[in-house]
There are 2 protein chains.
Amino acid sequence: MTIITIKKSITAQRILDSAEALFAESGYDGVSLRHITQHAGVELALPNYHFGTKLELFKRVIERRSEILNKERMGALTSLENSASIDSIIIAFTEPVLKRTVSGDIGWQNYSRLVAQTANSPRWSREVMSHEFDPVALEFVRRTKMCFPSAKDEEIFWGFHFLLGAMTITFAQTGRIDILSKELCKTTDLVGIHKRMVPFLSAGFAAICAS
Amino acid sequence: MTIITIKKSITAQRILDSAEALFAESGYDGVSLRHITQHAGVELALPNYHFGTKLELFKRVIERRSEILNKERMGALTSLENSASIDSIIIAFTEPVLKRTVSGDIGWQNYSRLVAQTANSPRWSREVMSHEFDPVALEFVRRTKMCFPSAKDEEIFWGFHFLLGAMTITFAQTGRIDILSKELCKTTDLVGIHKRMVPFLSAGFAAICAS
DNA sequence: TATATATTTGAACAGGTGTTCAAATATATA
DNA sequence: TATATATTTGAACACCTGTTCAAATATATA
């Protein structure tokens, strides 16, 4: 019983890992099932056997790690004190993805890059991203409201929108800012970025949410 | 002479317009030349005649409007007074794209969405986006440095990075925030967004750049 | 009107696409 | 060991892909 589970997950996970890496690099339409199976070293028909269609495989790639991420984010947000600062709320939201991407795990790095470009695609942002990430996003908004009791909901949602943009472009790790800054800034220095991102976003929230 | 120029640009522009709309919806690999030519109502071989390969067509789509945008942005930035506030610098950078996207011109709306998803794609962000937009980005950084003379260059580049993320997700107009906020926020309400985005980002810059 | 140039047409090319399926093999259960 | 189930194989399916090109047509120049 355990053996077949392990055996099955070996092939299935190899496919998921390869799909994740290649989708992150070239997007859904830029990758074929033949690219994926060749990269994973398995037969062409196996993705269909384990996951169904290419679209179902793509969705499974996204949700595999979002389950882990959301569980931890939700836990961090709900265990905050009622008087939690906006800084700590932002950190509770960003820390789970930050620490995994920083850890050097290539799988999480690919996943972050994949989510980043998926979030800004009209084709996927509503169908896939909303479905995966909206519950925890609403919890973020709820906690932020407790920070700024006099702020209108509208302002907090827009604040979250800007936060999401900054986060997205950061974890996309495109390396563009490296070139622009003549290597003064490093896309891979996520800890250094986080140290600036939290105060930047906190001040932004305060500016539009304080009465 | 004028007649052939007009005649040529009619077909060429129809191809560019269709390519722009379809690339914005589904990305470079999600669109075929047959989709584009069918949408434009022209023969399959014509994109090759007017622009060369599919890749060259894509680059031409991006640069067609970036030329206009950059000229205006550069003008707005360089004509600022030396004592210009961070608010006015941000506005100088964002206004040219804002006003065109808001105007209702479907071409500019498609272009904004296309640029948004191109910016977060590893495949395009360095090769295409850097080439098109870095000169004006450096001018933005130069002006911002005059606002915060004691700030390190690094901080200003990171501020620009966060600004770019917020701008990108905004002009992507994916509609995700509409669903999340139960239609309290409208992706299409760019003027309302801009009213929040400028103070949000200004406060963010001040937070990390003030000594 | 005759000539040169610009543009459009329609078809073809070699190769890649997601998906399917019966047959073969491996693994688990009894 | 014999039987049932899970997985893998290798080939085939109909269709879509970017690119090319000689021939036809339209337009500009003299």
Side-chain angles (χ1 to χ4, degrees), chain A residues 1-62 64 114 118 121 123-124 127-128, chain B residues 1-62 64 114 118 121 123-124 127-128:
Chain A
M1 183 55 179
T2 50
I3 297 175
I4 62 155
T5 307
I6 291 170
K7 183 71 204 294
K8 168 180 176 177
S9 67
I10 283 178
T11 302
Q13 261 178 258
R14 286 171 66 93
I15 294 169
L16 285 173
D17 290 343
S18 292
E20 187 175 60
L22 295 173
F23 283 146
E25 184 61 32
S26 308
Y28 179 81
D29 293 302
V31 177
S32 73
L33 287 171
R34 282 168 182 82
H35 291 143
I36 294 168
T37 52
Q38 241 165 281
H39 187 276
V42 301
E43 280 293 321
L44 170 61
L46 286 173
N48 172 69
Y49 175 75
H50 286 281
F51 303 103
T53 65
K54 182 186 179 188
L55 182 61
E56 289 168 317
L57 169 63
F58 181 74
K59 288 180 179 174
R60 184 72 196 108
V61 168
I62 299 282
R64 174 170 63 151
L114 173 58
T118 306
S121 146
R123 183 149 162 223
W124 305 114
E127 186 186 347
V128 178
Chain B
M1 184 53 182
T2 51
I3 295 176
I4 63 154
T5 307
I6 290 170
K7 183 70 203 296
K8 167 180 179 177
S9 66
I10 282 177
T11 302
Q13 261 179 261
R14 286 170 65 94
I15 293 170
L16 285 173
D17 290 342
S18 292
E20 185 174 61
L22 296 173
F23 284 146
E25 185 60 32
S26 308
Y28 179 80
D29 293 303
V31 177
S32 72
L33 287 171
R34 283 169 181 81
H35 292 143
I36 293 168
T37 51
Q38 242 164 280
H39 187 277
V42 301
E43 280 294 321
L44 170 62
L46 285 173
N48 172 70
Y49 176 75
H50 287 280
F51 303 103
T53 65
K54 184 187 178 187
L55 183 62
E56 289 167 318
L57 168 62
F58 181 75
K59 289 180 176 172
R60 185 71 197 106
V61 167
I62 299 282
R64 174 171 61 151
L114 173 58
T118 305
S121 146
R123 184 149 161 223
W124 305 115
E127 185 186 348
V128 179

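Protein chains get the first letters and strands the later ones, always in sequence-line order, with residue 1 at the start of each.
B/S18 and B/H39 make their closest contact through OG-ND1, 2.7 Å (heavy atoms, listed as atom of the first residue, atom of the second, distance).
A heavy-atom distance below 4.5 Å is not found between the side chains of B/V42 and B/Y49. You'll find the side chain of B/V31 stays beyond 4.5 Å of the side chain of B/F58, heavy atoms only. Residues B/R60 and B/H50 have side chains not in contact (no heavy-atom distance under 4.5 Å, counting atoms from C-beta outward).
C/dA26 atom P lies 14 Å from atom CD of A/E43, rounded to whole Å. One interatomic measurement links the two molecules: CG of A/L55 to P of C/dT17, which rounds to 17 Å at whole-angstrom precision. Here the P atom of nucleotide C/dT19 and the OH atom of A/Y49 are 18 Å apart, to the nearest Å. C/dT17 atom C1' lies 18 Å from atom CZ of A/F58, rounded to whole Å. Summarising the geometry, the separation between CG on A/L57 and C1' on C/dT19 is reported as 14 Å, rounded to the nearest angstrom. Remark: C1' of D/dT8 and CZ of A/R14 are 14 Å apart, rounded to the nearest angstrom. Distance B/H50 NE2 to C/dT9 C1': 12 Å, rounded to the nearest Å.
With B/T37 contributing its side chain and B/R34 its backbone, the two residues share a donor-acceptor pair below 3.5 Å. Between the side chain of B/E56 and the backbone N or O of B/T53, at least one donor-acceptor pair lies under 3.5 Å.
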task: Produce a footprint string for nucleotides 20-25 of chain D: one letter per nucleotide, 5' end first; B if the base is under 4.0 Å from any protein heavy atom, S if only the sugar-phosphate is, - if neither.
output: BB----
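The overall bend of the helix from C/dT1-D/dA30 to C/dA30-D/dT1, read as the angle between its terminal helix axes built from five base pairs each, is 20° when rounded to 10 degrees.
Comparing B/K54 and A/V42 along DNA chain D, the residue whose closest nucleotide (by nearest heavy atom) sits nearer the 5' end is A/V42.
The side chain of A/T11 contributes no N or O atom lying less than 4.0 Å from OP1 or OP2 of D/dT7.
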message: If you apply the rule side chain to side chain contact (heavy atoms under 4.5 Å, CB included), what do you find for A/Q38 with A/L22, and how did you get there?
response: CA-CA 11 Å; A/Q38 241 165 281; A/L22 295 173; over 6 Å; no
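From B/H35, atom NE2 reaches atom CD of B/E25 across 12.0 Å, with rounding to the nearest 0.5 Å. Here B/I36 contributes atom CD1 and B/L46 contributes atom CG; the two are 12.5 Å apart, rounded to the nearest 0.5 Å.
Relative orientation of the B/Y28 and B/F23 rings is parallel, given thresholds of 30° and 60° on the angle between their planes.
For the pairing with B/K59, the side-chain contact (heavy atoms from CB on, under 4.5 Å) check across B/L57, B/I62, B/L55 returns one residue only, B/L55.
Taking a 4.0 Å limit (strictly below) on heavy-atom distances, residues 17-36 of chain B reaches DNA chain C at B/R34.
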